[in-house]
*Asks:* 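My questions will all concern the structure given below.
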Number of protein chains: 2
Amino acid sequence: MKQIHVKKGETLQKSGDPKSKVYVVISGLLRSYIIDEKGKEHIFMFAPENWTIADSANPKDFCDFFIDALEDSVVHVKDKTVDNKNNTQLLYNRIDVLQKRVIMLMSLSAIDRYEHFIKTYTDIAQRVPQKMIASYLGITPEALSKAKGDKMRIL
Amino acid sequence: MKQIHVKKGETLQKSGDPKSKVYVVISGLLRSYIIDEKGKEHIFMFAPENWTIADSANPKDFCDFFIDALEDSVVHVKDKTVDNKNNTQLLYNRIDVLQKRVIMLMSLSAIDRYEHFIKTYTDIAQRVPQKMIASYLGITPEALSKAKGDKMRIL
DNA sequence: CATACACCTTAATGTAGATTAAGAAATGCA
DNA sequence: TGCATTTCTTAATCTACATTAAGGTGTATG
């Protein structure tokens with residue numbers, strides 16, 4: 001298990017890479033995202049300190065995701081085949097987050113998803129540009145800006 | 001690990017139930033779904049033979065999901081705390097499916113999600129009413145009906 | 001058989017969010 | 001400090017999907 005330093009903007013993993021690793025963020029901030037057929041980015045998740053970020057859970061598959069650094073970061077790189085007792089709890093946590101994510105995408109409006117995001121990830125929300133939050137929420141930056149503006153005007 | 005018989009329409013688990021189980025479908029078909037604040041159903045997943053269906057992965061949390069039978073089914077009911085070696089692979093598989101689901105919700109149109117669903121779950125698609133597929137896709141039955149109609153007319 | 005019920009379709013209208021474009025503000029860099 | 005680049009906002013227009021409502025089909029039930 002080695003520890004590496006990555007500069008802001010540096011890419012750790014590209015979609016299609018054969019071997020994906022598990023990255024444990026010691027300090028800084030990483031993200032994972034896809035690029036769809038239209039060339040549009042969709043951020044899948046952010047990973048600040050003490051979070052784990054990794055690709056499609058199955059170690060034998062190719063990567064779906066790009067993973068890069070949004071801030072200068074220090075990262076532990078682990079091999080997926082390394083399996084320890086605690087691993088199961090980590091997997092449960094990831095499934096839990098994913099389930100909630102799908103539910104939100106299906107049942108909440110963009111602005112509701114935004115507010116939930118702000119509440120749940122206050123810290124992250126202050127550290128990434130708004131357009132990245134929009135990407136995470138599954139909407140365009142313009143739509144988010146407008147939604148926020150509309151909200152303000154009502155209050 | 002006990003085996004139970006459930007009739008079509010029977011509910012195995014309700015949102016808010018304190019203890020969630022893991023259900024392994026021996027025969028028949030189950031589904032999990034949520035009911036949002038507006039009372040609208042959103043199907044999270046279908047589980048035909050040999051599939052596992054379970055709630056929010058963390059065993060200590062309350063259930064998010066309703067789980068019921070769409071066909072007369074035979075189901076193994078397992079306790080989540082029962083942990084064996086194979087379990088890890090099952091968790092990886094679930095994470096993989098969830099990841100792909102989120103990606104689809106964010107990057108594909110309703111009709112594209114439908115076609116992907118048909119391709120991936122041909123069997124399921126023939127066994128559940130269309131309105132349930134719509135719910136799984138995150139759209140209304142009307143929208144799905146229209147999208148299909150439009151598609152036919154173009155070809 | 002008749003009636004009810006669940007499901008599918010079609011159509012009219014409404015709306016959230018996409019797209020495009022332009023300018024303003026913030027940030028990075030020489 | 002000044003310039004360049006990225007990010008945010010606003011606004012006009014467009015489109016996918018939601019909502020509502022009505023009618024049609026199949027199937028289970030008295």
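Just so we're clear, the structure is a prediction, and the values are computed from it rather than from any experiment. Every chain is numbered from 1, with letters handed out A, B, ... down the list of sequences.
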*Asks:* Return the value, rounded to whole Å, for the distance between atom CE of B/M106 and atom C1' of C/dG17.
*Replies:*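 That distance rounds to 16 Å.
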*Asks:* Please give, in whole Å, the distance from C/dA16 C1' to B/I139 CD1?
*Replies:* 16 Å
*Asks:* With a non-hydrogen cut-off below 4.0 angstrom, is B/K148 in contact with a base, only sugar-phosphate, or nothing?
*Replies:*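 No contact at all - B/K148 keeps every heavy atom at 4.0 Å or more from the nucleic acid.
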*Asks:* With respect to the side chain of A/A110, which nucleotide from C/dA21, C/dG17, C/dC7 is positioned closest?
*Replies:* C/dG17
*Asks:* Regarding B/D36 and B/H42, do their side chains bring together a donor and an acceptor under 3.5 Å, going by distance alone?
*Replies:* yes
*Asks:* How long is the line joining CD1 of B/I111 and P of D/dA16, in whole Å?
*Replies:*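 Spelled out: CD1 on B/I111 to P on D/dA16 is 12 Å.
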*Asks:* Does NZ or CZ of A/R101 lie under 6.0 Å from the centre of the six-membered ring of A/F44, at an angle within 45° of the ring axis?
*Replies:*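 Pair A/R101/A/F44 counts as cation-pi.
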*Asks:* To the nearest Å, how far apart are B/Y114 OH and C/dC8 C1'?
*Replies:* 12 Å
*Asks:* Are a donor atom and an acceptor atom from the side chains of A/Q99 and B/R94 found within less than 3.5 Å of each other?
*Replies:*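 Yes, because at least one side-chain N or O of A/Q99 sits under 3.5 Å from a partner of the opposite role on B/R94.
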*Asks:* Counting side-chain heavy atoms from C-beta on, which of C/dG28, D/dT7, D/dT9 comes nearest to A/S145?
*Replies:* D/dT9
*Asks:* In whole angstrom, what separates B/L70's CG from C/dA6's C1'?
*Replies:* 14 Å
*Asks:* Of the candidate nucleotides D/dT7, C/dC8, D/dT19, which contains the atom at the shortest distance from the side chain of B/P129?
*Replies:* C/dC8
*Asks:* Taking for each residue the nucleotide of DNA chain C bearing the nearest heavy atom, is the 5' side occupied by A/P141 or by B/A143?
*Replies:*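 Counting from the 5' end, the first nearest nucleotide belongs to B/A143.
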*Asks:* I'd like to know whether NZ of A/K100 has more than 12 heavy-atom contacts from other residues, nucleotides or ligands below 6.0 angstrom.
*Replies:* yes
*Asks:* Starting the side chain at C-beta, find the nucleotide from C/dA18, D/dT10, D/dC17 nearest to A/E142.
*Replies:* D/dT10
*Asks:* Rounded to the nearest Å, what distance is computed from the NZ atom of residue A/K8 to the P atom of nucleotide D/dT5?
*Replies:* 17 Å
*Asks:* Of the candidate nucleotides D/dT19, D/dC17, C/dT9, which contains the atom at the shortest distance from the side chain of B/K40?
*Replies:*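 My answer, after comparing the listed nucleotides, is D/dT19.
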*Asks:* It should be established whether A/K146 places a side-chain nitrogen or oxygen under 4.0 Å from OP1 or OP2 of nucleotide D/dT13.
*Replies:*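 So the side-chain polar atoms of A/K146 never come under 4.0 Å of the phosphate oxygens OP1 or OP2 of D/dT13.
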*Asks:* So, OP1 or OP2 of C/dA18: does either fall under 4.0 Å of a side-chain N or O from A/T140?
*Replies:* yes
*Asks:* Should the pair B/F66 and B/Y33 be assigned to parallel (<30°), tilted (30 to 60°) or perpendicular (>60°) ring geometry?
*Replies:*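 Aromatic pair B/F66/B/Y33 classed parallel.
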*Asks:* Expressed in angstrom and rounded to an integer, what is the separation of A/Q126 atom CD from D/dT7 atom P?
*Replies:*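 Those two atoms, CD and P, are 18 Å apart.
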*Asks:* By nearest nucleotide on DNA chain C, pick out whichever of B/M132 and A/L144 is the more 5' one.
*Replies:* B/M132
*Asks:* Return the value, rounded to whole Å, for the distance between atom CG of B/L105 and atom P of D/dA16.
*Replies:* 18 Å
